[in-house]
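Please read through the structure below; I'll follow up with questions.
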Amino acid sequence: MGSEANIEPVEELASEPTIINKLVTWGYKKYSGSREIDTIIIHSAYDALGDDPYSVEGVIKEFRTYQVSPHYLIDREGSIYQLVDDNNIAYHAGVSEMPDGRIGVNNFSIGIELIYHQSESPNEAQYQSLAKLVKYKAEAYNIPLANILGHEAVAPGRKTDPWNFDWGKFEKMIE
Ligand SMILES: [Zn+2]
């Protein structure tokens, strides 16, 4: 028998993942017209103030405190929540620069936050949901693999998320 730990790649054609609507009223700038999106930034966060670090409501409350928001939030069960419409500029990356030199990464990116503690990695359900969402969006906006990056890659020295993220494994899941 093969190892149970083997990762099943998500199916060839990206199917639309189930997305729960949870739009917020802060942390983004409305964009008129059709926004050019060619980048996905992956983040991690947890609720440091409440009893439950994995609380979706707690993490969203933190976002509100800082007036920031990703486009998508993936909880510890792998459920995907949409907080900001893709066409709007969400405030998730802050002061940032792409490897190709472009700054202001929020302007042309989609931000995805995974909820887990800094001492952990994403769990299997989160990797699966993230892969499904990233595959689907990469196909929809024609986003190259090189532009699917962690926050740390566009804000080095300032940000360290997504923490303990297995890029080798993730790239196999989205290829
Ligand atoms: Zn981040």
Side-chain angles (χ1 to χ4, degrees), residues 19 22-29 31 35 37-50 52-86 88-123 125-135 137-138 141 143 145-171 173-174:
I19 294 170
K22 215 166 175 43
L23 296 178
V24 299
T25 55
W26 65 84
Y28 69 90
K29 186 165 80 186
Y31 192 86
R35 188 165 77 99
I37 297 163
D38 72 1
T39 297
I40 293 174
I41 302 297
I42 298 166
H43 303 259
S44 52
Y46 65 97
D47 182 11
L49 304 172
D52 176 10
Y54 306 137
S55 164
V56 170
E57 296 304 329
V59 169
I60 289 177
K61 210 171 136 186
E62 270 200 3
F63 292 155
R64 190 179 64 206
T65 300
Y66 296 104
Q67 295 288 294
V68 298
S69 184
H71 291 90
Y72 297 94
L73 180 63
I74 299 178
D75 74 8
R76 202 66 176 154
E77 278 72 53
S79 298
I80 305 170
Y81 300 88
Q82 177 148 34
L83 274 54
V84 175
D85 189 274
D86 287 5
N88 291 329
I89 298 169
Y91 304 147
H92 58 93
V95 176
S96 48
E97 181 177 348
M98 292 287 284
D100 63 22
R102 289 180 297 160
I103 60 167
V105 175
N106 286 340
N107 291 326
F108 47 84
S109 68
I110 285 176
I112 305 172
E113 290 267 5
L114 297 161
I115 301 180
Y116 61 92
H117 192 267
Q118 201 156 0
S119 64
E120 303 169 309
S121 299
N123 64 24
Q126 291 180 308
Y127 273 118
Q128 291 291 342
S129 293
L130 178 67
K132 205 167 178 191
L133 180 62
V134 165
K135 252 190 118 154
K137 293 298 175 187
Y141 297 111
I143 297 170
L145 188 61
N147 286 6
I148 298 169
L149 297 165
H151 197 185
E152 63 187 341
V154 296
R158 196 172 68 79
K159 293 290 177 181
T160 57
D161 64 310
W163 313 302
N164 313 304
F165 191 87
D166 189 339
W167 285 98
K169 164 186 169 144
F170 181 65
E171 278 167 18
M173 293 173 83
I174 61 170

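Each ligand, and each atom within it, is numbered from 1 in the order the structure gives.
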Check: With the threshold set at 4.0 Å, does a side-chain nitrogen-carboxylate oxygen contact exist between Lys159 and Asp161?
Finding: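 Here Lys159 does not pair with Asp161 in a salt bridge, since their nearest N and O are not under 4.0 Å apart.
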
Checklist line | SB check Arg102 Asp38 (cutoff 4.0 Å) | finding: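 Between Asp38 and Arg102 there is a salt bridge, with a charged N closer than 4.0 Å to a carboxylate O.
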
Notebook entry, point to check: Is Arg64 paired with Glu57 through a side-chain N to carboxylate O contact shorter than 4.0 Å?
Noted result: no

Notebook entry, point to check: How many degrees, to 10°, between Asp161 OD2 and His43 ND1 as seen from the Zn ion (ligand 1)?
Noted result: 100°

Note to self: If I consider every N, O or S atom in His151, which one ends up closest to the Zn ion (ligand 1)? I only need its name.
What the structure shows: ND1

Margin query: For Tyr46, give me all partners under ring-ring contact (aromatic ring centres under 6.0 Å, His included), at least two apart in sequence or on another chain.
Written below: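 Checked Tyr46 against ring-ring contact (aromatic ring centres under 6.0 Å, His included); matches are His117, Trp163.
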
Next item on the list: Using a cut-off of strictly less than 2.8 Å, determine whether Glu152 has an N/O/S atom near the Zn ion (ligand 1).
Entry: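 No N, O or S atom of Glu152 is closer than 2.8 Å to the Zn ion (ligand 1), so no.
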
